[in-house]
Amino acid sequence: MIELRIKQTVRDVTDFPKPGIIFKDITPILKDAGLCREITAALQEQVKEMKIDLIAGIESRGFLFGMSLANLMGIPFVPMRKSGKLPYKTVRQEYDLEYGSAALELHEDAIFAGQRVLIHDDLLATGGTVVAASKLIEKLGGEIAGYSFIIALDFLKGRERLKGFSAPVYSLASY
Ligand SMILES: O=P(O)(O)OC[C@H]1O[C@H](OP(=O)(O)OP(=O)(O)O)[C@H](O)[C@@H]1O
Ligand SMILES: Nc1ncnc2[nH]cnc12
């Protein structure tokens, strides 16, 4: 079962990047090409009945499987990046993290009004990042079709923060 494979492979790193945080390190997954293929296929299986025009992936770990998934589905991928990284005109949203604060940006021509967007990230924790990503998509007139994560830290209540966006939330492994 994919959830068990993911949990057996992810590495817990205590006190990173700050004391008290147990960091879910997905880099061991990336070394297992077979598991990466299975994860991408499982992510696709969860959303295959949905109408999705494009996938928006969140820097940096959301790029890894977000791009693979978009490629498998034959649809575009757009990167949502941390402050100051995108070269063209952007829309911007500040947010708080489990361990700090940051801002996300998106090229203003990345999404057209009415396009249905699947937001992908590796991990849902407090939901601060993905709420900021959702606001960026709505600023450009996009519709949020759903949310796709590999891991959800359910004890941090990120799903509850996403309720206001009325879109399904999928994950492959929950803690
Ligand atoms: O639900 P939240 O509490 O907002 O946390 C989840 C976010 O935190 C991590 O990213 P991070 O900001 O550490 O950046 P990285 O992907 O570049 O490592 C993770 O990849 C998510 O994007
Ligand atoms: N505990 C955690 N592990 C990995 N990424 C995270 N992003 C936010 N919290 C995290």
Side-chain angles (χ1 to χ4, degrees), residues 2-3 5-32 35-36 39-40 42-43 46-47 54-70 77-87 90-107 110 117-139 142 144 146-175:
I2 194 82
E3 179 162 26
R5 295 274 313 281
I6 291 168
K7 288 184 171 180
Q8 285 171 339
T9 309
V10 163
R11 171 167 56 196
D12 282 1
V13 182
T14 51
D15 297 328
F16 181 88
K18 285 187 174 171
I21 303 288
I22 300 172
F23 191 88
K24 298 287 178 200
D25 177 17
I26 65 161
T27 61
I29 290 178
L30 306 177
K31 291 167 72 181
D32 184 336
L35 182 55
C36 287
I39 287 172
T40 309
L43 293 171
Q46 289 182 320
V47 302
L54 58 91
I55 294 177
I58 302 174
E59 183 174 357
S60 61
R61 287 174 270 151
F63 292 173
L64 300 166
F65 287 90
M67 182 65 203
S68 301
L69 180 59
F77 175 83
V78 300
M80 309 182 91
R81 295 210 63 180
K82 306 275 167 68
S83 214
K85 298 288 185 181
L86 285 172
T90 59
V91 286
R92 173 185 171 88
Q93 184 68 47
E94 321 264 334
Y95 63 100
D96 290 322
L97 270 170
E98 194 187 359
Y99 38 71
S101 66
L104 272 186
E105 294 175 352
L106 178 63
H107 275 154
V117 181
L118 179 73
I119 298 180
H120 170 80
D121 205 350
D122 68 319
L123 182 142
L124 174 66
T126 64
T129 306
V130 75
V131 165
S134 304
K135 288 179 179 168
L136 283 182
I137 285 162
E138 290 188 340
K139 278 181 187 173
I144 299 160
Y147 298 95
S148 161
F149 301 96
I150 299 169
I151 296 167
L153 303 183
D154 287 339
F155 60 92
L156 290 173
K157 310 282 182 207
R159 279 173 202 272
E160 284 168 31
R161 289 184 70 180
L162 290 177
K163 276 187 183 150
F165 295 97
S166 304
V169 180
Y170 298 102
S171 66
L172 297 177
S174 298
Y175 292 86

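Note that these values count all heavy atoms, side chains included, but never hydrogens, waters or copies made by symmetry. Whatever order the structure lists ligands and atoms in, that order sets their numbers, starting from 1.
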Side chain, backbone, both or neither: Ile22 near ligand 2, heavy atoms under 4.0 Å:
backbone
Without hydrogens or angle criteria, can the side chains of Ser171 and Arg159 be said to hold a donor-acceptor pair below 3.5 Å?
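Result is yes, a qualifying pair exists.
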Starting from [atom], which protein heavy atom do you reach first, and at what distance in Å?
atom                    : answer
atom 22 (O) of ligand 1 : Asp121 OD2, 2.4 Å
atom 3 (N) of ligand 2  : Lys24 N, 2.9 Å
atom 8 (O) of ligand 1  : Leu97 CD2, 3.6 Å
atom 10 (O) of ligand 1 : Arg61 NH2, 3.3 Å
atom 7 (N) of ligand 2  : Tyr99 OH, 3.2 Å
atom 5 (N) of ligand 2  : Arg61 NH1, 3.2 Å
atom 10 (C) of ligand 2 : Glu98 OE1, 3.3 Å

Atoms of ligand 1 less than 4.0 Å from [X] heavy atoms?
X      : result
Thr129 : 2 (P), 4 (O), 5 (O), 6 (C), 7 (C), 22 (O)
Leu123 : 6 (C), 21 (C)
Thr126 : 1 (O), 2 (P), 3 (O), 4 (O)
Glu59  : 16 (O), 17 (O)

Any side-chain to backbone donor/acceptor pair from Lys82 onto Glu59? Under 3.5 Å, distance only.
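Yes; judged by distance alone, with no hydrogens or angles, the pair exists.
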Would you say the side-chain atoms of His120 pair up with the backbone N or O of Ser148, donor to acceptor, closer than 3.5 Å?
yes
Distance under 4.0 Å to a non-hydrogen atom of Ala125: what atoms of ligand 2 satisfy this?
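Near Ala125, the atoms of ligand 2 are 8 (C), 9 (N).
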Just which atoms of ligand 2 are under 4.0 Å from any heavy atom in Leu153?
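In order of number, 1 (N).
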Is the shortest distance from a heavy atom of Thr126 to ligand 2 less than 4.0 Å?
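No heavy atom of Thr126 comes that close to ligand 2.
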Check this for me: does any side-chain nitrogen of one of Arg92 and Glu105 sit under 4.0 Å from a carboxylate oxygen of the other?
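So Arg92 pairs with Glu105 through a salt bridge.
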Touching ligand 1 at all, Gly62? Heavy atoms, strictly under 4.0 Å?
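Per 4.0 Å heavy-atom rule, Gly62 does not contact ligand 1.
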How close do Leu106 and Pro79 get, heavy atom to heavy atom, and via which atoms?
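Minimum heavy-atom contact is CD1-O, 3.8 Å.
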I need the contact type for Asp122 against ligand 1. Using non-hydrogen atoms and a strict under-4.0 Å cut-off, is it side chain, backbone, both or neither?
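The answer is the side chain.
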Pairs of nitrogen or oxygen atoms closer than 3.5 Å, one from Phe23 and one from ligand 2: do any exist?
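Between Phe23 and ligand 2 (N or O atoms, distance only) the closest approach is not under 3.5 Å.
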